[in-house]
Every structure is written in C-alpha cells, then in structure tokens.
Amino acid sequence: MSVKSSFPITDNHMHIDPRARGLSAVKDFKNTGGTHIFLVTKPSWTLGVKISKPQDYTAVFDETINITKQTEDVGVKSFPVLGVHPAEINNLTDNLGMNLDDAVEIMKGGLDLAAQYVRDGYAVGIKTGRPHYPVSDKVWNASNEVMEHGFSLGAEIDCAVQLHTESVGEPELNDITKRANRSGIKLHKVVKHYSPPMVNVCESLGIFPGVLSGKEAIETALEEGDRFMMETDYIDDPQRPGAVMGPKTVPKRTLKMVEKFGEDVFWKVHKENPEKVYDVEIEL
C-alpha cells in the first residue's frame with residue numbers, strides 16, 4: 001500500500017538509471033510518500049559514454065531529461081540537474097589518455113553545455129565540484145578551476161550549482177565559499193551535496209547544505225534549524241546495489257520524524273528551501 005503525505009517530500013540528489021532499477025526505484029520513492037526529485041546526471045563512464053569533446057555530454061544530459069519525463073508518468077515530479085562529475089578529470093586523463101589542460105577545457109565545455117540546457121528551460125541547475133579522493137596538486141588546482149567555471153556560469157544565468165566534493169568541515173566550506181564568492185553567484189544557490197548536518201555553519205557562510213539523510217544527521221540538522229534540504233545520493237548502480245542510501249529513505253525518515261518535530265519544519269525543508277534555491281514550484 002502506498003503512503004500519501006499531506007506535504008511535499010523532496011530528495012535533493014538522486015540518480016536513476018534505466019539499466020538498473022530505473023522507474024521501480026522511483027515507484028518505491030513515491031509509494032513511501034516521496035513527491036519530488038532533483039535528478040542528477042550520472043558520470044559519463046557509468047552510462048558507457050566516451051567523452052572526447054564537450055558535445056559528447058549531450059548523450060548524458062539527454063538521457064537525464066528523458067528519465068525526468070518518465071518519472072512524471074509514474075507520478076513523481078523531477079527536476080534535472082546537469083553537469084560533469086569531478087572524477088571525470090581522472091577518467092579523461094588516466095583512462096582516456098588526455099593531457100590535463102585538454103581535460104579541463106572539455107569539462108568546462110561540458111558545463112557550458114549544461115548551462116545552455118538551463119537557459120533553454122530543460123534543467124534547473126548545474127553539477128560540478130572537485131574530487132572526493134586524494135589527487136596531485138596539479139589535478140586539485142585544475143579541478144578548482146573547473147568548479148569555479150561552474151560558479152561563474154551559475155552567476156551568469158542565475159541558477160543553482162550542486163557540488164560534489166571531498167568530505168567537508170568548516171575549513172573546506174570556507175574555501176568553497178570564497179571561491180564561489182569571487183564569481184558573483186548568489187551564495188544560497190551554491191548547494192553542498194552530501195553535506196554533514198552543519199546547518200549553522202552553512203547559514204553563516206551563505207551556502208546551502210543538502211544533508212545526507214541518516215537518522216542522526218537529520219536530527220542534528222533539525223536541532224540547528226530548518227535551512228537545509230534532504231537527500232539520499234541514491235546511485236542506482238547495478239554493480240553497487242546497496243551503495244549510499246535507498247530511494248525510500250527520505251520519505252520514510254521524514255514521516256517518522258514528523259512525530260517528533262511536526263509538519264511545519266518539513267514544509268520548509270521539502271518545499272520552501274528547494275523553491276528558493278532552484279527557482280522551481282513544488283506543489284502536491
């Protein structure tokens with residue numbers, strides 16, 4: 001039996017892959033009370049797309065948009081967030097034999113293409129960031145250059161920029177914010193995906209956390225306030241079926257926590273916050 005919520009329930013970062021569970025994962029999300037998804041592009045190599053020029057990202061982005069249309073057929077509204085995974089820098093250099101400068105230009109070009117999709121109304125945000133694993137100083141600096149290009153695009157077209165980065169504490173969040181600030185992007189449109197529940201720190205800096213929705217993390221976030229979004233980072237990878245969190249997590253966690261925290265805070269978390277960040281309408 002499916003659960004109906006009296007308010008929207010939104011997952012800020014989810015991947016759906018028709019080669020894996022696909023729409024059955026979306027149905028799980030819906031049947032446990034979920035209503036809206038920010039649907040993020042999967043890394044190019046997980047889709048079998050070989051990148052040699054920026055235009056090659058068209059196949060990745062078009063697939064995400066097509067999945068968005070399919071989720072609506074099963075009753076879940078999804079908003080595409082398109083971009084270039086920061087690990088692409090190692091895919092291009094290590095696996096495809098490209099030099100670092102060319103890899104940077106291709107990744108920037110991919111972000112340019114994602115920005116055009118946003119301009120044309122097909123997507124609501126851009127995804128970028130920097131590696132979450134150790135890399136050389138050259139690769140780290142190059143990755144920051146790509147991320148800062150994403151910030152500049154976000155500033156230019158006034159759209160949200162979701163970040164995939166290393167694990168963060170206050171020093172890392174400060175560094176990210178300084179880099180974003182130089183671009184002129186509105187800081188509330190900078191979304192730290194896979195964020196720890198550092199609601200107060202993010203608010204003081206101006207950026208927005210998408211908190212990974214473990215029970216303790218959400219309770220900690222709620223104790224600090226309501227300026228955050230919830231997410232699973234569900235990856236829908238047939239090779240890693242249990243990785244990160246399942247599609248039922250955000251709705252189940254939310255409805256359980258309503259018993260303790262009430263509904264009002266979740267109207268803010270699941271509707272008002274994403275509406276402000278992404279300039280979308282979230283309606284039941």
Side-chain angles (χ1 to χ4, degrees), residues 1-5 8-51 56-88 91 110 113-114 117-118 121-127 129 160 162 164 191 193-194 210 212-214 229-255 270 274 278 280 282-284:
M1 178 183 288
S2 63
V3 174
K4 291 279 188 181
S5 171
I9 296 180
T10 304
D11 192 320
N12 177 64
H13 190 107
M14 186 182 281
H15 306 279
I16 296 296
D17 189 339
R19 301 159 195 77
R21 292 199 62 216
L23 291 181
S24 65
V26 178
K27 290 174 184 175
D28 279 353
F29 175 74
K30 178 189 177 187
N31 290 339
T32 46
T35 60
H36 296 75
I37 293 169
F38 286 90
L39 187 69
V40 183
T41 45
K42 293 191 75 175
S44 62
W45 60 92
T46 68
L47 305 179
V49 177
K50 186 176 180 180
I51 302 296
D56 292 335
Y57 288 105
T58 301
V60 179
F61 299 163
D62 285 351
E63 174 165 309
T64 307
I65 290 164
N66 287 336
I67 295 168
T68 295
K69 296 170 184 173
Q70 295 170 37
T71 70
E72 294 182 4
D73 290 340
V74 299
V76 171
K77 173 70 175 176
S78 57
F79 303 100
V81 176
L82 308 179
V84 179
H85 194 285
E88 188 80 84
N91 180 51
L113 184 63
Y117 277 76
V118 177
Y122 293 112
V124 301
I126 297 169
K127 171 189 175 178
Q162 266 205 32
H164 175 114
V191 181
H193 148 62
Y194 210 110
L212 198 68
S213 297
M229 295 176 287
M230 293 174 64
E231 61 178 57
T232 55
D233 192 22
Y234 176 66
I235 64 173
D236 203 11
D237 185 341
Q239 305 302 315
R240 300 166 64 202
V244 198
M245 293 183 168
K248 300 178 183 179
T249 306
V250 166
K252 290 181 78 171
R253 186 84 67 226
T254 296
L255 294 172
H270 290 301
Y278 294 100
V280 298
I282 291 181
E283 305 292 344
L284 282 178

Under 3.5 Å: donor-acceptor pair, side chain of Asp11, backbone of Thr232: yes
Whether His85 and His164 hold their rings parallel, tilted or perpendicular, with breakpoints at 30° and 60°: tilted
Asp233 side, atom CG; Leu212 side, atom CG - distance, nearest 0.5 Å: 7.0 Å
Glu231 side chain to Tyr194 backbone, donor-acceptor under 3.5 Å: yes
Derivation and outcome, side-chain contact (heavy atoms from CB on, under 4.5 Å), residues Tyr122 and Thr68: CA-CA 10 Å; Tyr122 293 112; Thr68 295; over 6 Å; no
Rounded distance (nearest 0.5 Å) linking atom CG of Asn31 with atom NZ of Lys4: 9.0 Å
OG on Ser24 to CG on Asp236, rounded to 0.5 Å: 7.0 Å
Exercise: identify the closest heavy-atom pair between Val49 and Ala59: CG2-CB, 4.2 Å
Close side-chain approach of Asn91 to Ser44, heavy-atom, < 4.5 Å: yes
Residue pair His270 / Ile282, side-chain heavy-atom distance below 4.5 Å: no
Within-4.5 Å side-chain heavy-atom neighbours: His193 and Val40: no
Heavy-atom side-chain proximity of Tyr117 to Ile65 below 4.5 angstrom: yes
Close side-chain approach of Gln70 to Ile16, heavy-atom, < 4.5 Å: no
Donor-acceptor contact present, side-chain Thr71 to main-chain Val76, <3.5 Å: yes
Atom pair CE (Met229) and CZ (Phe38), whose distance is rounded to the nearest 0.5 Å: 7.0 Å
Closest heavy-atom pair and its distance - Thr64, Pro80: CG2-CB, 4.3 Å
Stepwise side-chain contact (heavy atoms from CB on, under 4.5 Å) check, Asp17 with Leu47: CA-CA 8 Å; Asp17 189 339; Leu47 305 179; 4.0 Å; yes
Val118/Leu82 under side-chain contact (heavy atoms from CB on, under 4.5 Å): CA gap, chis, key distance, verdict: CA-CA 8 Å; Val118 177; Leu82 308 179; over 6 Å; no
Point-to-point distance, once rounded to the nearest 0.5 Å, from CD1 of Ile9 to CZ of Arg253: 12.5 Å
For Phe61 against Ala114, the heavy-atom pair lying closest together: CE1-N, 3.6 Å
4.5 Å side-chain heavy-atom contact, Lys30 and Ser2: no
Test item: Asn12 and Val250 side chains (from C-beta on) under 4.5 Å apart, heavy atoms: no
Heavy-atom pair of closest approach, residues Gly33 and Ser5: O-CB, 4.0 Å
Heavy-atom closest pair, residues Pro18 and Glu63: CD-OE2, 3.9 Å
Smallest separation among heavy atoms of Thr35 and Phe29, with atom names: N-CE2, 3.4 Å
Candidate pair Tyr234 and Val26, rule side-chain contact (heavy atoms from CB on, under 4.5 Å), full reasoning: CA-CA 11 Å; Tyr234 176 66; Val26 178; over 6 Å; no
Aromatic ring pairing His15/His13, orientation class (parallel under 30°, perpendicular over 60°, tilted between): perpendicular
Side-chain heavy atoms of Val3 within contact of Pro251, under 4.5 Å: no
Rounded distance (nearest 0.5 Å) linking atom CE of Met245 with atom CE of Met14: 11.5 Å
Lys42, NZ: over 12 other non-hydrogen atoms inside 6.0 angstrom: yes
Phe79/Tyr278 aromatic ring centres below 6.0 Å: no
